[in-house]
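This chain uses plain numbering: 1 for the first residue, then up along the sequence. When reading the values below, keep in mind they use all heavy atoms of this one structure, side chains included, and skip hydrogens, waters and symmetry mates.
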Amino acid sequence: MFNYFKRFHAQDDGAITVDWVVLTAAIIGLALAVIATIGDGAVDHSNSVGNRLTSQEIPEY
């Protein structure tokens with residue numbers, strides 16, 4: 001039984017998985033923070049572009 005715990009303690013396969021999970025969660029959190037920060041400005045800008053395009057008159061020849 002002691003040898004089993006010794007081998008289990010020596011294995012580090014799961015440490016890499018934990019690192020990847022933490023890094024992926026950090027990247028997703030950062031992306032959500034960026035989207036939340038610039039989201040309203042992007043929507044306002046796209047609405048103003050849409051209004052400008054809608055107000056344009058197309059000449060007929």
What distance separates D19 CG from T24 OG1, expressed to the nearest 0.5 Å?
10.5 Å
Verify the neighbour count for atom CG of D40: are there more than 12 heavy atoms of other residues, nucleotides or ligands below 6.0 Å?
no
Under 6.0 Å from the CD atom of Q56, do we count more than 12 heavy atoms belonging to anything else shown?
yes
Euclidean distance, R52 CZ relative to T54 OG1, rounded to 0.5 Å:
11.0 Å
